[in-house]
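Computed from a prediction, not measured in an experiment: that's the story for all the values here. Every number for a ligand or one of its atoms is a count from 1 in the order of the listing.
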Amino acid sequence: MRIVLTGTPAARGMALGRARLVQPNILAVDMRMLEDKEIGPEVERLHQALDTARTELHELRGKLHGALAREVGDFIDAHSLLLDDEELLRGLDELVTVGHYTASAALKMQRDRLAAVFDAMNDPYLKSRGEDIDQVIGRVMSALNQQSSREERKLAARVGEIVVSDTIAPADMAAMAGQGMLGVIASAGSIYSHSAILARSFNLPMLVGTRDALATVNDDDLVLIDAEHGEVIVHPTAQDLARYRQWQRQAAAEGRRLAALATAPTLTKDGAHVRLFANAELAGDVTLARSRGADGVGLYRSEFLFLRQRGLPSEDEQFAAYRDVVLGMGGLPVTIRTLDLGADKADAAGLAIRGEDNPALGVRGIRLSLRYPDIFSVQLRAILRAACYGPVRILVPMITHLGEMTDVRRLIKKAREDLARAGQELPERLDVGAMIEVPAAAIGVTSILEKADFLAIGTNDLAQYVLAADRNNDALEGIYDPLQPAFLRLIAHVIASARRAKKPVSLCGEIAGDTQFTALLLAMGLEEFSMHPGQLLQVRDRLTQLDCGALRRAAPRLFRAHSRDEVEARLLEVVALQDGCAET
Ligand code: PEP
Ligand code: MG
């Protein structure tokens, strides 16, 4: 019988295959207290399980080659690092030796503690890093539970299979992608998880939050994932299969058409030039950005360097990472955003300002960097050194007022002097820009422009602050809505002010890569978009269909709208009209 389940698309596409259920790591936790004589053997058991988990990851790493190794290596290394994390290991040992807990109870307690830390994080991407902890501890836990039969739990998709799981670890995702897995249905998980990012890079359709999947689907059931519409069809009918075949034909034709755009210039229908930049966090993003013809990196989120390891990365480590991005872009500009950690995300680096009631309004971004000028100066020196290898710009997050830009410029000047004294080579010029994501900076942008060489509008945060709606709170979906006219007017004001001041302005929030917003942003006068490199071709394609002149002329009418629905309706009208005009 045909059954339809719904989920959230984490990677688009469709796939038809046999289901392969990967049961979640059921944490069989033994909560009894150990007697003294049991403690030694239990610690031994725990360490053996940790070793097994390490070996598994090591073996997986060894099996990856070429692009796959580059793409996934970072994720596996991050998991391996977690397994060697001194604090985590010490905590586990102490729970067993001092607390008399069993190894499984100790693992569960550490997992719950860390899950709470990640849960409290503000940024959805970082929040989803909690999944990594879950997956690493799950790996150790199942090694502990099945010390005798490791083979049994090896995940090995056979060609033509769709994996149905609770969540899926990036390392397993990579291994299974290499073995012919066609898609993933996860009953939990987030679209910001590493696995979701990988699924997008591998072009594998993936749904998350498909709640009843594990209870409904059986091994070997025929399933159709429709990650275009957020559906899983179990036992699809002939009609479903015909729809799938039609999608396949269209997707193949679309893929060929888009691939041809990788080397095409970015032009609107009426010939206006637009610059498309990439947002990057990982080495793989840089490769993708190049291969899709990005004009540069518009946002390099440097905090990921600080979150991938314990403790602070040294000046040399940071320099090497930044230089690699600069070299990777082969002479195209790279915009390095300085640390954007908030109090709740700073633990790994030990920078936390503890006990903030409202961390989103707390010491984050540049506020945090200015509290630690020594640490900030290390980053500035590393960026300055990397800037000798190609064009680099510095972007400062969470600017609220002009004084912060003045402070940053003073610290950059000092970093230059320190490097010069040490005999280091220095770049001649290095532009310093402000991220506009705090309403005060957006409203007062003219004064910020006095000290900023360029602007980048961070609409992810600007929307949450303008609309007073936490960007991670699902319950506020209808309010956290970038189509709200008041929000659009503010963005338009920032773009117009930068244009008047003849300074470059880009937009690097998620809406830059969402083709539903391309016409609107063009109407506002935006000429530089920065997005996940996976979106570059779609946006370039969309731009070729839009008449920049007609949209700009219609802008005042768009922004006078009284509701988000009115904005949408007027936009549709304008786009339809421009199509009509072009045909006559
Ligand atoms: C933004 O706020 O729009 C932005 C690009 O920065 P992040 O998502 O990293 O906060
Ligand atoms: Mg931001």
Verdict with reasoning, L551 to D547, per side-chain contact (heavy atoms from CB on, under 4.5 Å): CA-CA 6 Å; L551 283 164; D547 185 323; 5.7 Å; no
From CA spacing to verdict: side-chain hydrogen bond (donor to acceptor under 3.5 Å, both in side chains), R367, T400: CA-CA 9 Å; R367 303 169 182 184; T400 308; 3.1 Å; yes
Can you list the ligand 1 atoms lying under 4.0 Å from a non-hydrogen atom of L299? 5 (C)
Near E437, which atoms of ligand 1 are under 4.0 Å from a heavy atom of that residue? 1 (C), 2 (O)
Taking R364 first and then D340, would you say they form a salt bridge - that is, a charged N and a carboxylate O separated by under 4.0 Å? yes
One finds that the ligand 1 atoms under 4.0 Å from a non-hydrogen atom of G458 are 1 (C), 2 (O), 3 (O)
Nitrogen or oxygen atoms of R337 and ligand 1 under 3.5 Å apart: yes
Do the side chain of R409 and the main chain of K451 share a donor and acceptor less than 3.5 angstrom apart? yes
Judged by atom type as modelled, is there a donor-acceptor pair below 3.5 Å linking the side chain of Q484 to the main-chain atoms of R564? no
Which atoms from ligand 1 have a heavy atom of C508 less than 4.0 Å away? 5 (C)
Please check this pair: side chain of R540 against backbone of L261, looking for a donor-acceptor N/O pair closer than 3.5 Å. yes
Could you note down all residue pairs passing side chain to side chain donor-acceptor pair (under 3.5 Å) where residues 320-336 supplies at least one of them, sequence neighbours left out? Q318-Y322, Y322-Q379, T335-R393
Among the heavy atoms of M435, does any lie under 4.0 Å from an atom of ligand 1? yes
For the Mg ion (ligand 2) the protein N, O or S atom count under 2.8 Å stands at 2
Between S506 (side chain only) and F529 (backbone N and O only), is there a donor and an acceptor less than 3.5 Å apart? no
Short list, please: which atoms of ligand 1 are under 4.0 Å from a heavy atom of G509? 3 (O)
Using a 4.0 Å heavy-atom cut-off, which part of E510 comes near ligand 1: side chain, backbone, both, or neither? neither
Please lay out, stage by stage, how Q464 and D461 fare under the test side-chain hydrogen bond (donor to acceptor under 3.5 Å, both in side chains). CA-CA 5 Å; Q464 86 162 342; D461 276 315; 3.1 Å; yes
Counting distance only, does the side-chain N/O of K503 pair as donor-acceptor with the main-chain N or O of A452 below 3.5 Å? yes
